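Within every chain, numbering begins at 1; the chains are lettered A, B, ... in the order of the sequence lines, protein sequences first and strands thereafter. Every heavy atom of this structure was used, including side-chain atoms; hydrogens, water molecules and symmetry mates were not. Nothing here was measured: the structure is a model prediction, and the numbers come from that model.
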Amino acid sequence: MSEASPKVLICVAWPYASGPRHVGHVAGFGVPSDVFARYQRLRGAEVLMVSGTDEHGTPITYGADREGVSPREFADRNNRIIVDDLRRLGLTYDIFTRTTTRNHERVVQEFFTTLYERGYIFTRTQLGAFSPSTGRTLPDRYIEGTCPICGYPEARGDQCDNCGNQLEPTDLINPRSRIDGEIPEFRETEHFFFDLPAFQQRLHDWIEAQMHWRPNVRRYSLNFVADLKPRAITRDLDWGVPVPLPGWRDRPDKRIYVWFDAVIGYLSATVEWARLRGEEAGWRSWWQDPSVRGYYFMGKDNITFHSVMWPAMLMGHGDLELPYDIVSSEFLTMEGRQFSVSRGHTIEVRDVLSRYDADVLRYYLTIAGPETTDTDFTWAEFVRRNNDELVGTWGNLVHRTLVQAQQNFGCVPEPGELAEADRRLLAEVEGGFASVGGLLEQARFKAALTEAMRLAALVNQYLGSEQPWHRIKQDRRRAATTLFVAVRCVDSLKTLFTPFLPFSCQRLHEMLGYGDVIAPQPEAREVDLGGDAHRILAGDYDRTPRWAPSCIEPGRPLGVPRPLYRKLDPKVVDEELDRMRVSTA
RNA sequence: GGCGGCGUAGCUCAGCGGUAGAGCACACGACUCAUAAUCGUGGGGUCGGUGGUUCGAACCCACCCGCCGCCA
């Protein structure tokens, strides 16, 4: 268990701007990182949460070609959609920017130059596949042909799906482009490589010492480090960050490889954030102070970029701090199958948010998300979790408590002397600040939310045995005491639930008569850094320490309560499944 | 092919060396303040398979099967 840290840098994986993101994406990095960030701020920590859209690379140029627009236009449009999704989900980035800003380009080039000057980057000539008509590189997996081993006619340039053997594109018989059937041309091409093996021992020793990482992340990374090869950091492409060296800078056909520029985004976004605040050097206090803990959130397909490649780059660069924790999630499947955008087996974030509240999706993705194991998203479970848990257990507790207090007293009731049961319940619920907080500190979101729910159920039990609605007829004072205790518990639970359910907890906060903001929300902002106008997601987030039991005082007026959540008709399950079938067909 | 993960009640998942757990579903009961919500009781599993280590194994080891991811 980790103790309190005053500054927490939260680096969230950069969603790829090749299209709208589906719920699997935000389940992996988006919601968990925001729960963590909100908790840390409620605790009083200084938080900086950075990310942005990843907009370079071949899939972007292919997507743009397909739609007959420029890569820039294509990325612009998807960036807007993604920013809008993340904003509506209430993800409190301090800055969510993009990799196509001038600031990013400059930081990436400086980073490249530093590594180059320190001798960690070298060139090497290799055989590459090109499309004769466009002159563009064809990535291995975009080439198909007959497998030389088993004769399977649709083997890919990286491996044969039939016999499982790994292949080189040049091995294929009758190679052709999967995009347009063109026969690729193989020719020599010079590229820059990052000398990963130079960091092998340091990486190994460093990772081995990270006993607080999730065991699979640590083991997986250690194994990966055992066999490191130099890794290409440039591509034959016209879309990306130019190589910042004489003779290369102006070449239209060479760009920095998208993986390399994207991980530097964590640093460049921090630099941009500081510059927007007018503090050119403000990024340093986040990257050069060993007491700052850097948490990285991503899906499991991205582990090695964060646990090996980026740390090696940071080591090579010199005076920048390494990650503290790599919080990787597993995969979400959808109704028993993998998400597949190309097959239409997907559900976009904006689609869910058009029909359901953000808190419902946040709740589902936290309580049933792929935190430590692959999990399956089903609409039946989505509706069930909403109706039984969010509405039935938590929403109903709030409603029945506030309705009784409001109708009978019009305010937070004045309690008599607390009985044993009252004190026991208060102690148990208030223990949630330690128990839920401890779990959140360890990035155990599912367990944390389950614990908060357990405490809510405890208050329902308490109300069931105290029966204030019954007792108020004979003993008004005792009923007042019970309802006072219940209101205090609800108020404490509100704080405990805020990292997970910010929208509804803010409403509850106001219902309880507070006039301030407990759950701030992000907003889209147009910014202009030295003539480079673009749109970011940002916010002015309060970090008043609030992670503490309720002190709500008797006599405070209560308004007429409104339900926090709405029940979903079970027939929406079939509607959603039909909608999926339509889009799949 | 190599590496990592996962395979536990009908369903979704916890547990990860000391007599099998939760929620849902199902059955029965209590209550009726509350969005027909809530609370209680009960039935239900040879913990993927086969070996091994151990006084004792879902839990450790080996191999096998199935699924997921990465290397690509």
Side-chain angles (χ1 to χ4, degrees), chain A residues 24 28 139-143 149 155-161 163-169 214-229 231-232 299-305 307-308 328-333 336-339 364 367-378 380-408 444 446-447 449-451 453-454 456-473 479 482-483 486 561-569:
Chain A
D140 294 354
R141 66 175 192 283
Y142 282 109
I143 301 170
I149 298 164
R156 298 188 322 203
D158 52 354
Q159 82 162 44
C160 173
D161 286 336
C163 66
N165 282 292
Q166 58 183 333
L167 304 171
E168 291 295 326
R214 289 180 184 170
N216 62 323
V217 173
R218 184 168 164 276
R219 229 169 296 157
Y220 184 83
S221 305
L222 273 177
N223 183 262
F224 186 86
V225 161
D227 181 29
L228 289 177
K229 296 186 194 66
R231 191 138 174 143
K300 66 173 161 182
D301 53 334
N302 255 324
I303 290 176
T304 48
F305 288 105
S307 66
V308 178
S328 154
S329 66
E330 300 293 305
F331 267 59
L332 189 73
T333 54
R337 288 191 289 141
Q338 278 187 70
F339 279 83
Y364 183 93
I367 200 80
E371 185 172 306
T372 56
T373 180
D374 292 357
T375 57
D376 192 32
F377 179 100
T378 66
E381 185 73 352
F382 179 83
V383 170
R384 212 254 331 140
R385 294 268 189 191
N386 177 75
N387 289 356
D388 291 355
E389 299 176 6
L390 212 43
V391 177
T393 302
W394 167 232
N396 184 237
L397 167 65
V398 172
H399 200 59
R400 68 197 299 213
T401 300
L402 296 189
V403 163
Q404 289 179 85
Q406 200 278 135
Q407 282 179 357
N408 293 302
R444 295 187 57 193
K446 188 181 289 201
L449 185 48
T450 301
E451 167 70 359
M453 268 302 190
R454 198 201 108 227
L458 234 43
V459 185
N460 274 325
Q461 267 173 52
Y462 166 84
L463 286 176
S465 61
E466 297 297 323
Q467 302 186 27
W469 54 88
H470 205 237
R471 227 175 246 178
I472 194 156
K473 294 167 201 158
T482 298
L483 288 173
R562 295 248 161 270
L564 287 180
Y565 311 99
R566 71 199 158 90
K567 234 179 146 169
L568 295 175
D569 189 323

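Contacts of A:D227 with the nucleic acid, taken as non-hydrogen atoms under 4.0 Å apart, are absent. Across all strands shown, A:Q407 has no heavy atoms under 4.0 Å from either base or sugar-phosphate atoms. At the heavy-atom level, A:T375 lies under 4.0 Å from the strands shown only through sugar-phosphate atoms. If you check every strand for non-hydrogen atoms under 4.0 Å, A:L390 touches nothing. Across all strands shown, A:R231 has heavy atoms under 4.0 Å from sugar-phosphate atoms exclusively, and none from any base. Among the heavy atoms of the strands, none lies under 4.0 Å from A:A226.
For A:F377 and A:Y364, the ring centers are positioned less than 6.0 Å apart.
One P atom belongs to B:G5, the other to B:C61, and the distance between them is 9 Å to the nearest Å. Annotation: B:A25 and B:G44 have their C1' atoms spaced 11 Å apart (nearest Å). If you take atom P in B:A27 and the same atom in B:G7, they sit 30 Å apart, rounded to whole Å. Across B:G17 and B:C47, the matching C1' atoms stand 14 Å from one another, rounded to whole Å. B:U19 and B:C13: their C1' atoms are spaced 23 Å apart (whole Å). Comparing the P positions of B:U46 and B:C39 gives a spacing of 30 Å, expressed to the nearest Å. The P atoms of B:C70 and B:C28 are separated by 49 Å, rounded to the nearest whole Å. Distance noted for atom C1' between B:U54 and B:G43: 35 Å (whole Å).
To the nearest angstrom, C1' of B:A72 lies 15 Å from CG of A:N302. A:R444 places its CZ atom 8 Å from the P atom of B:C16, with the value rounded to the nearest Å. Note: CD (A:Q467) to P (B:C31) measures 8 Å, nearest angstrom. Rounded to an integer number of Å, the gap from A:F305 CZ to B:A72 P is 9 Å.
Between B:A14 and A:T372, a contact under 4.0 Å exists linking OP1 or OP2 to a side-chain N or O. In terms of phosphate contacts, A:Q461 brings a side-chain nitrogen or oxygen within less than 4.0 Å of OP1 or OP2 of B:G40. Side-chain nitrogen and oxygen atoms of A:R385 include none within less than 4.0 Å of the OP1 or OP2 phosphate oxygen of B:C13.
When each of A:D388, A:N396, A:V391 is paired with A:K567, the side-chain contact (heavy atoms from CB on, under 4.5 Å) condition holds for A:V391 and for no other.
A donor-acceptor distance shorter than 3.5 angstrom exists from the side chain of A:D374 to the backbone of A:F331, with no hydrogens or angles considered.
Base-pair partner of B:C28: B:G40 (Watson-Crick or G-U wobble, both distances under 3.5 Å). With a 3.5 Å ceiling on both atom-pair distances, B:G45 lacks any Watson-Crick or G-U wobble partner. When Watson-Crick and G-U wobble pairs are counted only if both distances are under 3.5 Å, B:G21 pairs with B:C13.
A glycosidic torsion no more than 90° from 0 defines the syn conformation, and B:A58 adopts it.
Counting non-hydrogen atoms of other residues, nucleotides and ligands closer than 6.0 Å to CZ of A:R444 gives a total of 12 or fewer.
Side-chain atoms of A:T373 lie closest to B:C13 of the nucleotides B:C13, B:A34, B:U12.
Summarising the geometry, atom CD belonging to A:E371 is positioned 5.0 Å from atom CZ belonging to A:R214; distances are rounded to the nearest 0.5 Å.
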